[in-house]
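Only heavy atoms go into these numbers, but all of them, side chains included; no hydrogens, no water, no symmetry mates.
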Amino acid sequence: MDESEINFDGLVGPTHNYAGLSVGNLASMRNVNQPSNPKLAALEGLEKMRVLAALGVPQAVLPPQERPHLPTLRALGYSGTDAKIFDRVGSENPVLLAGVSSASSMWAANAATVSPSADTADRRVHFTPANLVTQFHRSIEPPTTRRVLCAIFSDEAHFKVHDPLPASTHFADEGAANHTRLVCDGESIELFTAGRRGFDASLNRTTFPARQTYEACEAVIRRHGVRDALIVSQNPVAIDAGAFHNDVVAVGHRHVLLVHELAWEDQSRVLLRLRERMPSLKVIEISDAALPLCDAVSSYLFNSQLVMGPSGGLHLLAPMESRESDAARVVCETLPRDIIAQVHHVDVRQSMKNGGGPACLRLRVTLNEPERRAMNSGVIFDERLYHLLKQWVERHYRDRLTTTDLRDPKLLEESCTALDELTGLLRIGSVYDFQRDAI
């Protein structure tokens, strides 16, 4: 049955800020405590979606999460009025306040791992929300992520939304940022990349945290009933260069794989195994000489989106930074045009300063036509929704935010007001804690 890929982009939340919370993410660490512009960040994201929609790529949106997340602070023993809690946490533990205020759910590539029905034993689309246990600020996302996915994909005849994996570092799961689906020669392979072994620390050799475990990949494959999957090992050299997720050094779509030569351990063997299964697979391997790993990470060339254009050719949606890097620009200009027809550069600088490029901002969901009809259509991106969301952002978002501003209790009120309106626009019901508490 014919299937198509829908890009679910994460809407940037009202508390988008640069707190430098993500160890191993060089951009996040480098831009710590700089002022952010949440309004501009959200508008950049909407414009990226519009570019893709103009190319004929189906688009949808995932809402931001409730931030600052007061329920987490109350669960940690803080009490009193909202204002007193924010003042106390801001004084005693500003890093904790930044953690519960992070807009990190914008990077929807970490929301979940998705297996299309064509790959699974029960012929349903399976979703496993990532547990994100390696970073505190991300570990509080999964409950809301699951509620959002259930609101969009509620028809259990077509969809299965699982609970996250156990919240243990042994099963650390970062979602689709370490997952690529290739389709070629009438076959599909789900390619999982693991950074470490959860139960054998002696095999782990990185300075920066290796976030995805082999055991998490195995568990997702089992619960989804994936019939053909391959788990490969992330290159520790890439992790310590700042490739905290595999989508910083590799991107694939359908019959094409664009990859840096230092993305995986024993990469020649990995590519040989893929070619054995898919003889027609087109692999574009970029050498470290052509694009040094440090430039690959700073330009985020591989964190681009490979998408199918209206004429059937593949297009690469790349961050503006990859045009401004001499080495990355040359790579873009010399990509084989019989494989990648055109390169488009988009401005997502507010996201890039926190270490998230175009591919970080989206979750790929492959659906056939009955499944598309069964999902909640309120999240489908079109010109009407684009204008509604743009007006919504302009009404509710600040154009400047510092980490000091996170202590302002008005920020919570502004955020909740905005999100309450958003759930109505997207027709997803009460997915946030503040909404559910009010029922």
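Rounding to the nearest 0.5 angstrom, the gap separating the NE2 atom in His170 from the CZ atom in Arg197 is 13.0 Å. Once rounded to the nearest 0.5 Å, the distance linking CG of Leu43 with CD of Gln350 reads 10.5 Å. For the atom pair Leu411 CG and Leu401 CG, the distance stands at 6.0 Å (nearest 0.5 Å).
Arg181 and Glu3 are joined by a salt bridge, as a carboxylate oxygen and a charged side-chain nitrogen come within less than 4.0 angstrom of each other. With respect to the salt-bridge test (charged N to carboxylate O, under 4.0 angstrom), the residues Asp228 and Arg277 qualify. With respect to the salt-bridge test (charged N to carboxylate O, under 4.0 angstrom), the residues Asp155 and Arg373 do not qualify. By the 4.0 Å N-to-carboxylate-O rule, Arg205 lies close enough to Glu265 to be salt-bridged with it.
The side-chain heavy atoms of Met308 and His253, taken from C-beta on, include a pair separated by under 4.5 Å.
A donor-acceptor distance shorter than 3.5 angstrom exists from the side chain of Asn131 to the backbone of Asp173, with no hydrogens or angles considered. Side-chain atoms of Gln212 never come within 3.5 Å of backbone atoms of Thr193 as a donor-acceptor pair (strictly under, hydrogens ignored). A donor-acceptor contact shorter than 3.5 Å is absent between the side chain of Asp420 and the backbone of Leu422. A distance-only check finds a donor-acceptor pair linking the side chain of Asn376 to the backbone of Arg427 [under 3.5 Å]. Although no hydrogens or angles enter the test, the distance criterion places no donor-acceptor pair under 3.5 Å between the side chain of Arg362 and the main chain of Gly10. Judged by distance alone, the side chain of Tyr397 and the main-chain N or O of Val12 form a donor-acceptor pair under 3.5 Å. Remark: the backbone N or O of Ala118 is paired with a side-chain donor or acceptor of Arg227 at under 3.5 angstrom. Checking side-chain atoms of Arg196 against main-chain N and O of Ala210 turns up a donor-acceptor pair under 3.5 Å.
In this structure, a donor-acceptor pair under 3.5 Å is present between the side chains of Arg138 and Asn110. Residues Ser117 and Glu371 bring a donor and an acceptor atom of their side chains to less than 3.5 Å of each other. With no hydrogens or angles considered, no side-chain donor-acceptor pair links Glu190 and Thr113 at under 3.5 Å. Donor-acceptor pairing under 3.5 Å is recorded for the side chains of Glu285 and Gln267. Side-chain N/O atoms of His224 and Thr128 include a donor and acceptor closer than 3.5 Å. Checking Asp295 against Ser325 by side-chain atom types alone, no donor-acceptor pair falls below 3.5 Å. A donor atom on one side chain and an acceptor atom on the other are not found under 3.5 Å apart for Asn17 and Ser36. His158 and Asn368 form no side-chain donor-acceptor contact under 3.5 Å, judged by distance and modelled atom types alone. Between Glu44 and Ser351, the side chains place no donor N or O within less than 3.5 Å of an acceptor N or O (distance only, hydrogens not considered). Glu66 and Ser415 form no side-chain donor-acceptor contact under 3.5 Å, judged by distance and modelled atom types alone. Inspection of the Glu141 and Ser104 side chains reveals an N or O donor paired with an N or O acceptor under 3.5 Å.
Taking the six-membered ring wherever Trp is involved, the centroid distance between the rings of Phe127 and Phe8 does not fall below 6.0 Å.
Exactly one residue among Asp288, Val331, Val248 makes a side chain to side chain contact (heavy atoms under 4.5 Å, CB included) with His260. That residue is Asp288. With Trp264 as the fixed residue, the side chain to side chain contact (heavy atoms under 4.5 Å, CB included) test singles out one of Val249, Asn235, Asn246: Asn246.
Between Tyr18 and His16, the ring planes are perpendicular. Angles over 60° get that label, and only those under 30° would be called parallel. The aromatic rings of Tyr386 and Phe381 lie perpendicular to each other, with more than 60° between the two planes, well past the 30° mark.
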Side-chain donor/acceptor pairs under 3.5 Å, residues 236-243, sequence neighbours excluded:
unit_1 : atom_1 : unit_2 : atom_2 : d
Asp240 : OD1    : Thr207 : N      : 2.8
Asp240 : OD1    : Phe208 : N      : 2.8
Asp240 : OD2    : Thr207 : N      : 3.1

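For CD of Glu156, the number of neighbouring non-hydrogen atoms (other residues, nucleotides, ligands) closer than 6.0 Å is 12 at most. In this structure, Arg269 places its CZ atom where only 12 or fewer heavy-atom neighbours from other residues, nucleotides or ligands lie under 6.0 Å away. Within a 6.0 Å sphere centred on CD of Gln34, other residues, nucleotides and ligands contribute more than 12 heavy atoms.
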Test Thr366 against Ser4 for side chain to side chain contact (heavy atoms under 4.5 Å, CB included), laying out the working first.
-> CA-CA 5 Å; Thr366 298; Ser4 62; over 6 Å; no
Report the C-alpha separation of Leu301 and Leu316 in whole Å, then their side-chain angles, then the decisive distance to 0.1 Å, and conclude whether the side chain to side chain contact (heavy atoms under 4.5 Å, CB included) test is met.
-> CA-CA 10 Å; Leu301 172 61; Leu316 190 73; 4.2 Å; yes
Could you check Ile221 against Ile231 for side chain to side chain contact (heavy atoms under 4.5 Å, CB included), going step by step and ending with a plain yes or no?
-> CA-CA 10 Å; Ile221 292 167; Ile231 306 175; 3.8 Å; yes
Kindly determine whether Leu230 and Val232 satisfy side chain to side chain contact (heavy atoms under 4.5 Å, CB included), including the steps that lead there.
-> CA-CA 6 Å; Leu230 178 64; Val232 298; 4.0 Å; yes
